[in-house]
Each structure stands twice: as C-alpha cells, then as structure tokens.
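Read the structure below first, then the notes.
Numbering of ligands and ligand atoms starts at 1, following listing order. All residue numbers refer to positions in the sequence shown, counting from 1. All values derive from a computational prediction rather than experimental measurement. The figures here come from the full heavy-atom set of this structure, side chains too, leaving out hydrogens, waters and symmetry mates.
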Amino acid sequence: MRDILPPETARWRRLNAVFAEVVGAAGYGQVVTPLIEDVGVFTRIGEATDVVTKELYAFEDRGGRHVSLRPELTASVCRAFAQHRPAALPWKVWYTGPNFRQEKAQRGRYRQFDQVGVEVLGVDDAHLDVEVIALAAEFYAQLGLQQVELVVNSLGEPEDRAAYVAALETYFAGADLTEQSRATLAKNPLRVLDSKRDHDAAAIAAAPKISEFYSGAAAAHFDTVQAGLTRLGIDFVVEPKLVRGLDYYRRTIFEFQGGTLDSAQNALGGGGRYDGLVEALGGPATPGIGFALGVDRTLLACDDEGVFAADVAPLDAFVVDVVGGQEAAAITAELRAAGIAADRGFDDRSMKAQMKLANRSDARVAVIVGDDELADDTVQVRPMARDAGDQQTISRSELITHLKEFLDAS
Ligand code: HAM
C-alpha cells in the first residue's frame with residue numbers, strides 16, 4: 001500500500017473528472033458502495049480465483065461477522081442491485097475508489113489500488129457490449145494514451161465454456177506443462193492459458209480453441225460485438241487465449257493492454273459479461289456487463305508515454321506581511337473570497353524569508369504589506385515573473401480589481 005501525495009493527487013482527481021465526464025455523457029450515474037462487505041459477496045466472484053482464495057483481506061469484526069475489504073466492485077454493485085432492485089433497466093452505473101488484494105507488490109501491482117469502472121445491469125444486447133468497450137476506449141483517448149491495445153474474446157455461453165473447460169482438462173492432462181501450470185490445471189484449467197512460462201508455450205499454442213465450442217447464439221453475439229467495434233472505428237485484436245482472472249465471466253471479455261508496461265502487469269483495465277452474478281447474490285436473473293480500469297497502472301502508462309502530466313494549479317497571489325500577520329489574514333481571506341487563489345507566510349518571518357516563500361509558491365504576484373502601507377491603507381503588488389511589470393502601490397479598496405485585471409492580462 002502506498003501514499004499518494006501532491007501534486008500526484010491533483011492528477012488523480014483530474015483523471016476521475018475525465019472519467020466522470022465520459023461516462024456521465026453516456027447516461028451513467030455514480031454508485032458508491034461500502035469498502036467492507038459480508039465476505040459472502042466476494043466469494044461469489046468464484047472459489048477458483050486467486051482474488052478469492054489467496055488475496056481477500058477477510059476478517060471477523062468485533063460483532064463476529066465475517067467481512068472483507070472489497071477486492072473489486074462488480075460483486076458489490078450486483079449486491080446493491082439485488083438489494084435495491086432498481087425498476088428502470090438498464091441500470092447504468094459508474095464508480096471510482098480503492099480496492100484491496102493481498103498480492104505480491106511490485107511496479108503496477110499494489111495491495112491497495114484504485115479503479116474507475118462501469119456496470120450495466122438488465123440488458124442482454126451485444127450492442128451494449130460495444131458501448132461499454134467504446135467508453136473505456138474513449139477514456140484512454142481523452143487521457144492522450146496511444147499505446148493501448150484492445151484485446152477481446154468470448155468465453156461462449158456457460159455450457160460452451162463448460163464443454164471447453166472439460167476439453168482443456170483432457171488435453172492438458174496429456175500435455176507437457178510446468179509444475180505450476182499442473183497445479184493451476186487442478187484448480188482452473190482455463191487459467192493454464194494465462195501462463196507466460198516458456199516451457200508451457202508449445203502446449204498452450206496447440207490447445208483447443210474456445211471458438212470451436214461456441215453455440216450459434218454465442219457466435220452470433222461475438223460477431224455482432226466485433227462488427228460494432230469495427231463500425232465505430234475501434235481497433236481490436238481477437239485473442240482466443242484471453243481468459244481474464246475472474247470466474248464470473250460469460251461471453252464477451254476484453255482487456256486494454258498498455259504497450260509500455262511489463263507483460264505481467266500490462267492490463268490497464270478489463271471487463272466482460274457476467275450474466276449470473278446478480279442471481280448468485282440473491283437477485284433476479286439479470287444480465288450484466290462492465291469494466292474496471294486500474295488508475296495506478298493507467299497513470300504509469302501516462303508517465304511512460306509522457307501524457308496527462310501532473311500539473312499543479314498555480315497560485316495567483318502570495319501575501320507577504322511584515323506588520324504582524326493580521327493584515328495577511330484579512331487580505332488573504334478577501335482574495336480567496338474573490339476567487340483569487342492565495343497563500344501567505346506565517347510565523348512572523350522576515351521580509352526576505354517571506355519573499356523566498358512567495359517565489360517557491362509559484363504565485364504570479366506578491367501582495368506586500370509593511371508599516372507604510374498599513375498607515376496609507378495601501379499594499380505593494382509585485383509581479384513575480386521578471387518581465388511581468390514593475391511593483392506598484394495600490395490602494396486597498398482597488399486591490400481586487402487591480403489583481404483581476406493583472407491576472408487576466410498576463
Ligand atoms: P480485474 O482485471 O481484476 O477486473 O481488475 C481490473 C484492473 O484493475 C486491472 O486491469 C488492473 O489495471 C487493475 N488492478 C487489478 N489488481 C491490481 C493491483 N493489485 N494493483 C494495481 N492495479 C490492479 C476487475 O476488477 C473486474 N471487476 C472488472 C469488471 C467490471 N468486470 C466486469 N465489470
């Protein structure tokens with residue numbers, strides 16, 4: 001877990017604002033769910049996923065309740081849907097916030113990480129899959145990221161997926177795999193396809209393909225999704241080996257992979273359909289689809305590509321007061337109330353020390369009050385940039401108008 005400090009935090013806020021704008025313009029409303037839920041909400045993600053078996057921050061609270069910090073938000077959103085039963089479908093929601101997984105931390109993989117995402121419940125239409133994928137693509141485009149590859153696959157209908165898993169089990173049982181992949185095979189044959197180990201590569205390359213198991217409906221759904229993405233001019237590749245790490249997926253799955261990141265952590269975000277999850281959480285049978293994008297990784301990719309920089313909102317004015325601080329308090333409050341971003345010195349520092357602070361603050365002007373100014377009811381206004389004009393004496397009553405003119409003009 002790590003701290004996010006200024007100015008990085010400003011960039012996080014801006015990223016959230018960009019996301020809120022993209023999804024807000026598409027009719028999505030924000031949902032906020034608790035950080036802690038009954039552990040049963042998260043075990044529904046699937047007992048065969050690392051997220052559930054190894055990574056949950058689950059504990060017993062003082063009331064003896066078995067709870068867990070959330071490892072993701074899809075299960076929480078489905079729980080909220082099952083609980084509140086919104087009448088108007090589709091229910092289109094977006095979210096932002098931290099998630100917790102006990103993983104081995106490394107660059108791009110943290111135990112507390114943030115996601116922004118959407119979920120749509122109640123519509124089974126393949127065109128919705130296209131809309132959802134397009135929203136994520138639009139978000140990355142707004143950030144300015146270029147090296148993002150969209151990878152899509154379909155896991156078929158649940159029966160197709162089950163038949164495929166059985167075929168993989170049989171195939172891999174007789175294949176030459178590493179010991180680690182053999183252990184994975186016993187738990188979740190699909191995840192063997194995720195192995196990046198060289199020794200597994202040949203067996204994986206020759207493994208049966210999910211597409212050989214699609215029913216007519218699953219194939220038609222996937223065809224519509226691909227045609228829809230093409231129609232919108234969104235580049236993608238079909239990757240039959242893409243399985244994603246969570247058990248709840250059916251039919252369409254997708255991932256956005258960053259070209260600059262290590263292959264083990266190159267998923268900037270991902271999602272898919274999960275028809276069945278609301279039902280598993282006690283609600284009515286409800287189709288669902290969504291995605292979550294990792295904020296931490298997305299910003300690493302932005303750093304690597306030199307886009308969406310962390311820029312600090314500069315101060316307009318820095319108030320320097322060598323007459324005891326009361327004037328600084330009054331002027332600073334007046335400036336802030338007028339919408340002029342202002343800071344000031346404290347601790348009765350010398351004029352020189354306060355001017356140093358003003359310089360460091362990157363403010364565009366210093367507003368200075370000494371004994372003479374106090375007696376005359378004036379202030380000195382000193383532009384901080386060398387070529388921004390001379391210091392002027394300004395009467396207190398005209399300070400705001402003067403500063404606004406100066407700030408607008410420069
Ligand atoms: P996920 O693939 O587990 O999917 O996570 C989505 C994204 O969150 C990843 O692509 C990655 O960028 C980020 N992420 C995951 N774990 C970490 C970590 N330990 N450190 C940093 N970033 C991480 C889900 O969470 C699903 N709920 C997505 C979804 C929504 N599917 C349908 N709707």
Side-chain angles (χ1 to χ4, degrees), residues 1-2 4 12 15 19 23 28 31 33 37 41-42 44-46 49-52 54-57 69-81 91-121 128-129 131-133 135-136 139-140 145 148-153 155 191 194 242-258 260-278 286-302:
M1 294 176 185
R2 62 209 182 106
I4 317 286
W12 278 56
L15 180 144
F19 188 76
V23 295
Y28 289 67
V31 63
T33 64
E37 302 245 11
V41 171
F42 304 122
R44 300 302 196 298
I45 293 169
T49 62
D50 286 353
V51 168
V52 172
K54 295 196 201 145
E55 298 168 2
L56 277 188
Y57 277 97
L69 292 176
R70 68 183 182 207
E72 56 117 52
L73 279 124
T74 310
S76 298
V77 169
C78 289
R79 192 270 311 141
F81 180 89
W91 197 52
K92 297 167 93 175
V93 296
W94 70 272
Y95 50 75
T96 175
N99 301 284
F100 304 84
R101 297 182 191 175
Q102 258 176 92
E103 300 205 67
K104 212 168 132 215
Q106 52 201 293
R107 185 179 192 254
R109 189 176 293 281
Y110 310 106
R111 292 183 169 170
Q112 175 174 339
F113 59 95
D114 267 51
Q115 290 180 337
V116 291
V118 305
E119 309 294 343
V120 186
L121 294 166
L128 175 63
D129 306 25
E131 164 169 309
V132 163
I133 295 171
L135 282 175
F139 170 68
Y140 289 127
L145 279 175
V148 181
E149 184 171 60
L150 168 61
V151 180
V152 299
N153 193 19
L155 293 175
R191 294 305 301 276
D194 264 352
L242 179 72
V243 292
R244 307 245 327 115
L246 301 154
D247 265 357
Y248 48 55
Y249 291 119
R250 318 259 185 275
R251 291 190 275 177
T252 315
I253 54 172
F254 53 93
E255 212 160 82
F256 290 88
Q257 298 176 349
T260 63
L261 301 175
D262 270 6
S263 69
Q265 273 86 238
N266 72 347
L268 296 178
R273 271 206 173 270
Y274 47 85
D275 310 351
L277 191 53
V278 172
T286 309
I289 181 168
F291 64 71
L293 314 178
V295 171
D296 312 72
R297 271 184 214 176
T298 298
L299 288 175
L300 282 177
C302 288

Which residues satisfy the salt bridge (charged side-chain N to carboxylate O under 4.0 Å, His left out) test with Asp262, sequence neighbours excluded? none
Identify all pairs of nitrogen or oxygen atoms, one from ligand 1 and one from the protein, separated by less than 3.5 Å, and list them with distances.
from	atom 1	to	atom 2	distance (Å)
ligand 1	2 (O)	Arg244	NH1	2.9
ligand 1	2 (O)	Arg244	NH2	2.9
ligand 1	3 (O)	Arg101	NH1	2.9
ligand 1	3 (O)	Arg101	NH2	2.9
ligand 1	4 (O)	Arg244	NH2	3.0
ligand 1	5 (O)	Gln115	NE2	3.2
ligand 1	8 (O)	Gln115	NE2	3.1
ligand 1	10 (O)	Ala267	O	3.1
ligand 1	10 (O)	Gly269	N	3.3
ligand 1	12 (O)	Ala267	O	2.9
ligand 1	12 (O)	Leu268	O	3.1
ligand 1	12 (O)	Gly294	N	3.4
ligand 1	16 (N)	Arg101	NH1	3.4
ligand 1	19 (N)	Glu103	OE2	2.6
ligand 1	19 (N)	Tyr110	O	2.8
ligand 1	20 (N)	Tyr110	N	2.9
ligand 1	25 (O)	Arg101	NH2	3.1
ligand 1	25 (O)	Gln115	NE2	3.1
ligand 1	27 (N)	Glu72	OE1	2.5
ligand 1	27 (N)	Thr74	OG1	2.7
ligand 1	27 (N)	Tyr248	OH	3.1
ligand 1	31 (N)	Tyr249	OH	2.7
ligand 1	33 (N)	Thr74	OG1	3.3
ligand 1	33 (N)	Glu119	OE1	2.9
ligand 1	33 (N)	Glu119	OE2	3.0
ligand 1	33 (N)	Gly290	O	3.3
ligand 1	33 (N)	Phe291	N	3.4

Mind checking whether Leu73 and Asn99 have side chains closer than 4.5 Å, heavy atoms only? yes
Salt bridge or not for Arg44 and Glu37, using N-O below 4.0 Å? no
Is the closest side-chain heavy-atom distance between Glu55 and Thr49 below 4.5 Å? no
Assess whether side chain to side chain contact (heavy atoms under 4.5 Å, CB included) is satisfied between Leu135 and Tyr28, documenting all intermediate values. CA-CA 11 Å; Leu135 282 175; Tyr28 289 67; 3.4 Å; yes
Any carboxylate oxygen within less than 4.0 angstrom of a Lys/Arg side-chain nitrogen, looking at Asp296 and Arg2? yes
